[in-house]
**Q** 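Input: one structure, supplied below.
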There are 2 protein chains.
Amino acid sequence: MNTQAKATSRERLLEAAATLTYQDGVGIGVDALCKAAGVSKRSMYQLFESKDELLAASLEERASAFAARLLPAADDDRSPRERILHVFEQVEAQAGAPEFRGCHYLAVQIELKDESHPASRVARRVKGNLTAFFRAEAERGRAGDPGLLSRQLILVFDGASARAGIKADDLTGLIAPTVTTLLDSAGVR
Amino acid sequence: MNTQAKATSRERLLEAAATLTYQDGVGIGVDALCKAAGVSKRSMYQLFESKDELLAASLEERASAFAARLLPAADDDRSPRERILHVFEQVEAQAGAPEFRGCHYLAVQIELKDESHPASRVARRVKGNLTAFFRAEAERGRAGDPGLLSRQLILVFDGASARAGIKADDLTGLIAPTVTTLLDSAGVR
């Protein structure tokens, strides 16, 4: 393993794939990815079986950062309601950035249109973890129907980040009242 | 104008662009579009300035069918609440089809990642019309905050169709309780 400060070819390829597919979409070519990473195509194919595998690995690599940017600390003392609202506060804050293009894990699945693609599978798993977080908090908060509430919350998450990503809505004054209405209705006080 | 039963080259190109970009994404090549339409590239470029213009025109062409499939008749006697729920019943019904890939007008904007693209502009306008429908009904239904309710409804529309389109949720038992909770909270009975 490389312990030097300089990123390895593998790291640079993962970074380029994550950044460029977020900016430009999954259609980005192998040449552009290799050029951005400063890695030859030959080296790329020694490290990854295909562009599809590189894309999947780049999404996997970013998964913990994605969760860390959204989720509250596991051991904070806040209520389930506050912990759920925390996630949506992060979405609203992130959506304000000009380079925000919505949730990468949703965009990749919409763009690929193929549930069996390795990158779609990673994206689905990562979002499944977020839904599981909502469900666990819904249960802890004694929601009337925790399954329904978690589906509603991930729907709002995806709808809000998609709309902010296409610059159709800046989310100001939108998410908090929507989520609190759903939490109230589910009995999560 | 061609009044024969046989579709013109222009019609076949519009149909191919709408169908193939929905199935495969906006990255579909000009060759594939022309092949599917049975039209030469030379003819395509005589009819449309570019693939971008063809894509924009195909979205425009489908806009009235999109609205007709979703909206209630302008002069039905139902309440604003029922007319809003009608739209979401259509989404739930459409989402059941195996070929359903979510809202084309959302997907195009997510895929293009360019608000100034002619197809993004068409998509934005078409979805703006749907938001305007929600807003008009919210006002007729005396919502406490019609602007907020219409933003919530289009967010649910986009979130639900995106999640159904990637096969992450079949929407069963999800949309109606979500929308009625939001309508109740806005005072639209």
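Note that this is a predicted model, so its numbers are computed, not measured. Every chain is numbered from 1, with letters handed out A, B, ... down the list of sequences.
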**Q** Distance check, rounded to the nearest 0.5 Å: A/Ile175 atom CD1 versus B/Gln152 atom CD?
**A** 11.0 Å
**Q** Checking heavy atoms, do the side chain of B/Ile154, its backbone, both or neither come under 4.5 Å from chain A?
**A** both
**Q** Applying a strict under-4.5 Å side-chain criterion to I, L, V, M, F, W and Y, I'd like to know whether B/Val188 and B/Val156 cluster together.
**A**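 In one cluster: yes.
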**Q** Do A/Met44 and A/Leu55 land in one hydrophobic cluster if side-chain heavy atoms of ILVMFWY residues count as linked below 4.5 Å?
**A**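 No, A/Met44 and A/Leu55 fall in different hydrophobic clusters.
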**Q** In terms of heavy-atom proximity below 4.5 Å to chain A, should B/Arg101 be classed as side chain, backbone, both, or neither?
**A** side chain
**Q** Looking at B/Arg42, I'd like to know if its CZ atom is crowded, meaning that more than 12 non-hydrogen atoms belonging to other residues, nucleotides or ligands lie closer than 6.0 Å.
**A** no
**Q** Taking B/Tyr22 as the starting point, is it possible to reach B/Phe66 by hopping between hydrophobic residues whose side chains are less than 4.5 Å apart?
**A**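 No, B/Phe66 does not connect to B/Tyr22 through the hydrophobic network.
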**Q** Contact part of B/Asp24 toward chain A, heavy-atom cut-off under 4.5 Å: side chain, backbone, both or neither?
**A** backbone
**Q** Between B/Thr181, B/Leu155, B/Asp158, B/Leu106, which shows the greatest number of heavy-atom pairs under 4.5 Å with chain A?
**A** B/Leu155
**Q** Out of A/Ser185, A/Gly27, A/Gly165, which one racks up the most heavy-atom pairs below 4.5 Å with chain B?
**A**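 Looking at each of A/Ser185, A/Gly27, A/Gly165 in turn, A/Ser185 comes out on top.
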**Q** Find out if a path of hydrophobic residues (ILVMFWY) with successive side-chain heavy-atom gaps under 4.5 Å connects A/Leu59 to A/Leu20.
**A** no
**Q** Answer with side chain, backbone, both or neither: which region of A/Leu171 has an atom nearer than 4.5 Å to a non-hydrogen atom of chain B?
**A** backbone
**Q** Are B/Phe88 and B/Leu182 connected, step by step, through hydrophobic side chains (Ile, Leu, Val, Met, Phe, Trp, Tyr) whose heavy atoms are closer than 4.5 Å?
**A** yes
**Q** Answer with side chain, backbone, both or neither: which region of A/Arg163 has an atom nearer than 4.5 Å to a non-hydrogen atom of chain B?
**A**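 Side chain of A/Arg163 only, per the 4.5 Å heavy-atom cut-off to chain B.
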**Q** Would you indicate whether A/Glu49, at its atom CD, is surrounded by more than 12 heavy atoms from other residues, nucleotides or ligands within a distance under 6.0 Å?
**A** no
**Q** At under 4.5 Å between heavy atoms, what parts of residues 108-123 of chain B are in contact with chain A? List them by residue number.
**A**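 From residues 108-123 of chain B, the residues near chain A are B/Gln109, B/Ile110, B/Glu111, B/Lys113, B/Asp114, B/Glu115.
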**Q** Within a reach of under 6.0 Å around CZ of B/Arg142, are more than 12 heavy atoms found that belong to other residues, nucleotides or ligands?
**A** no
**Q** Do other residues, nucleotides or ligands put more than 12 heavy atoms under 6.0 Å from the CG atom of B/Asp77?
**A** no
**Q** Please round to the nearest 0.5 Å and tell me the distance separating atom CG of B/Asp184 and atom CG of A/Asp184.
**A** 12.5 Å
**Q** Against chain B, label A/Thr180 side chain, backbone, both or neither, depending on which of its atoms sit under 4.5 Å from a heavy atom there.
**A**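 For A/Thr180, neither part sits under 4.5 Å from chain B.
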**Q** Based on non-hydrogen pairs under 4.5 Å, which of A/Thr178, A/Thr131, A/Val26 is most in contact with chain B?
**A** A/Thr178
**Q** Can you name the nearest heavy-atom pair linking B/Arg151 to A/Asp169, along with the distance?
**A** NH2-OD1, 2.8 Å
